[in-house]
Structures are given as structure tokens and as C-alpha cells.
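To start, the structure under review is shown below, and the notes come after it.
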Amino acid sequence: DTYMIYPDTAKDKKHLNTLYKIMAHAGTAPDDFDGPTGLIGDGEMLIGHIYAPNGIGFADFMTQYFYNEAVEAWKKNQKYHAAVYLCYASHYLEDAGIPVHAEADYRNLDVLQWQLGYHSYTESYVADNWSKYSATSDSAAAVPMPVCDISSMVRSLAMETYPDVAGWTKAWGYKGGGDYKKGDEPVNVKMFDELVKQEIWRCVPRVSGMFLKFKTEVMKGGTF
């Protein structure tokens with residue numbers, strides 16, 4: 001029954017008394033910290049969400065930034081704030097392993113339009129089909145990846161994801177551009193499902209490792 005001031009919007013009080021509720025809100029709030037890239041239209045693509053081996057974007061910086069914010073909040077005994085910031089950090093970390101966030105061709109708008117389609121589909125697909133991935137994610141989390149340098153970890157995830165763009169393209173199928181429409185789905189759902197599972201295997205150990213780093217190095221026996 002704890003009320004807190006949500007770190008990014010002091011005017012809004014959120015009833016976030018569990019880590020689960022905090023994580024439920026952390027998916028969108030990080031957007032408020034981003035700046036537009038100016039790459040498309042009015043620049044709606046946000047710099048923190050884009051990380052590719054070609055150097056576009058700052059997901060590595062954003063992940064480290066919010067991890068540091070969590071550390072400072074914990075030192076001030078602001079436990080719920082620390083949890084929110086950790087979830088922000090995990091949001092950017094996961095984005096480094098998600099299609100379009102890490103793989104898209106931002107210089108070719110025709111190609112980008114349909115890449116945005118499989119990006120949107122993937123993000124909703126994971127949530128809609130989470131039950132069949134639970135064993136995969138639980139197994140991955142059981143062996144968390146040691147984290148020494150968070151920024152380097154984010155970059156390594158993006159580098160692993162980037163070469164798979166051909167696989168995502170094949171699974172989704174080139175549709176000749178156009179806006180993403182609700183109800184669109186890959187031409188090869190089975191292949192797409194395997195690629196999503198692969199992304200979970202990549203992302204979950206790293207997020208788990210980051211939380212373990214915070215638990216052992218910062219919390220030192222404390223609890224949220």
C-alpha cells in the first residue's frame with residue numbers, strides 16, 4: 001500500500017507497491033526521456049530505442065544511465081524509485097535485442113515501413129504468447145549472465161541481433177511497404193516463433209544478470 005512519486009512525472013502519483021506493477025508501467029515511461037532522431041517525418045523515432053552496429057542510437061548509454069539512477073535512489077533509501085529505474089534500464093536493454101530497435105534500415109523508408117510491421121507484431125506477439133515461452137525464459141534466467149560493463153553488454157546484444165535481419169525478413173515476408181495494420185502476421189509463423197524464442201534466450205539472461213549485479217553489488221542483502 002505504498003504510494004510513490006513516479007520518477008519521470010512528479011505530477012502523477014502511481015500506486016506501485018509491487019515490482020510487477022512497476023514493470024507494467026516501465027514499458028512506456030522511458031519514452032519520456034528520449035529525444036527524436038529527426039530521421040523520419042517529424043523525428044518520431046527515439047534515440048534511446050535505436051541501437052545498431054552502425055552507431056545509430058544510444059540504448060547502451062540509456063541502460064547505463066538508468067542503472068546509475070537506480071544505484072543513487074537505493075543509496076537514498078528510495079527503494080521503489082530504484083526498482084522503477086532498474087525496469088527502465090531493462091526496457092532499453094531488451095530493445096537492443098528486438099527487431100527494428102537494433103536492426104532496421106533507417107535510411108531506406110520503403111524498407112523501414114514493413115520492418116516496423118514485424119517490430120510491432122513481435123512486441124505484441126511475445127506478450128500474447130508468453131505462456132508457451134515461460135519454460136524458455138525461466139531456463140534462461142536460471143543461469144544469469146555476469147555483468148561487468150552494462151554498456152558493453154547492450155552493444156554485444158545488438159551485435160548478436162543485427163545479423164539476424166535476413167531471418168526476420170524471410171519469416172515476415174516482404175510486403176512492399178505500407179503501414180503496419182493490426183491483424184498482419186508473418187508469412188511463416190513457425191519460423192517467426194522460433195526467432196522470437198531466440199530473442200528471449202538472448203535478452204533474459206542479460207536482464208537477469210543486470211538485476212543480479214544490482215542485488216549483489218548495491219543491495220547487499222536488502223530487499224524491495
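Values below: every heavy atom of this structure, side chains too, minus hydrogens, waters and symmetry copies.
Closest non-hydrogen pair, Ala171 versus Pro186, comes out as O-CB, 3.3 Å. The minimum heavy-atom distance between Cys203 and Leu157, with the atom names listed, is SG-CD2, 4.0 Å. Nearest heavy atom pair, residue Val143 against residue Pro205, reads O-CB, 4.2 Å. In terms of heavy-atom proximity, Ser131 sits nearest to Ser134 at O-OG, 3.0 Å. The nearest pair of heavy atoms linking Met191 to Gly167 is CE-O, 3.5 Å.
Using cut-offs of 30° and 60° for the angle between ring planes, the Tyr85 and Tyr88 rings count as perpendicular. Ring-plane geometry between Tyr92 and Phe66 is classed as parallel, the angle between the planes falling under 30 degrees on a 0 to 90 degree scale with a further cut at 60.
For the atom pair CG (Asp149) and NZ (Lys213), the distance works out to 8.0 Å, reported to the nearest 0.5 Å. With values rounded to the nearest 0.5 angstrom, Phe211 atom CZ is found 4.5 Å from Cys87 atom SG. Expressed to the nearest 0.5 Å, how far NZ of Lys220 lies from OG1 of Thr216 amounts to 9.5 Å. Put simply, CE on Met153 and OH on Tyr67 are 9.5 Å apart, with the number rounded to the nearest 0.5 Å.
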Note to self: For a side chain to side chain contact (heavy atoms under 4.5 Å, CB included) check, start with the C-alpha distance between Asn188 and Phe192, then their side-chain angles and the critical distance, and finish with the verdict.
What the structure shows: CA-CA 6 Å; Asn188 189 331; Phe192 202 88; over 6 Å; no
Next item on the list: Output, in order, the C-alpha distance, side-chain angles, deciding distance and verdict of side chain to side chain contact (heavy atoms under 4.5 Å, CB included) for Arg155 and Ser152.
Entry: CA-CA 5 Å; Arg155 288 192 290 272; Ser152 294; 3.2 Å; yes
Next item on the list: Could you check Ser208 against Met145 for side chain to side chain contact (heavy atoms under 4.5 Å, CB included), going step by step and ending with a plain yes or no?
Entry: CA-CA 7 Å; Ser208 180; Met145 177 180 292; over 6 Å; no
Note to self: side chain to side chain contact (heavy atoms under 4.5 Å, CB included), that's the test. Do Trp130 and Ile200 meet it? Break it down for me.
What the structure shows: CA-CA 10 Å; Trp130 182 252; Ile200 291 175; 3.9 Å; yes
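No more than 12 heavy atoms of other residues, nucleotides or ligands lie within 6.0 Å of NZ in Lys215, so this atom counts as exposed by the packing criterion. For Lys132, the NZ atom counts as densely surrounded, since its 6.0 Å shell holds more than 12 non-hydrogen atoms of other residues, nucleotides or ligands.
Clustering ILVMFWY residues whenever any of their side-chain heavy atoms sit less than 4.5 angstrom apart, transitively, puts Leu212 in a cluster other than the one holding Leu86. Linking Ile, Leu, Val, Met, Phe, Trp and Tyr whenever their side-chain heavy atoms come within less than 4.5 Å leaves Val154 and Trp201 in two separate clusters.
In the model, Asp60 has no side-chain atom that pairs as donor or acceptor with a side-chain atom of Gln64 under 3.5 Å. Side-chain N/O atoms of Tyr133 and Asp193 include a donor and acceptor closer than 3.5 Å.
Contacts of Glu72 classified as salt bridge (Lys or Arg N to Asp or Glu O under 4.0 Å), with partners at least two apart in sequence or in another chain: Lys75.
Contact check for Thr63 versus Met210: side-chain heavy atoms found under the 4.5 Å cut-off. Between Val147 and Phe214 there is no side-chain heavy-atom pair separated by less than 4.5 Å.
Ion pair Glu160/Arg206 flagged as a salt bridge, since at least one NZ, NE, NH1 or NH2 atom sits closer than 4.0 Å to an Asp/Glu carboxylate oxygen.
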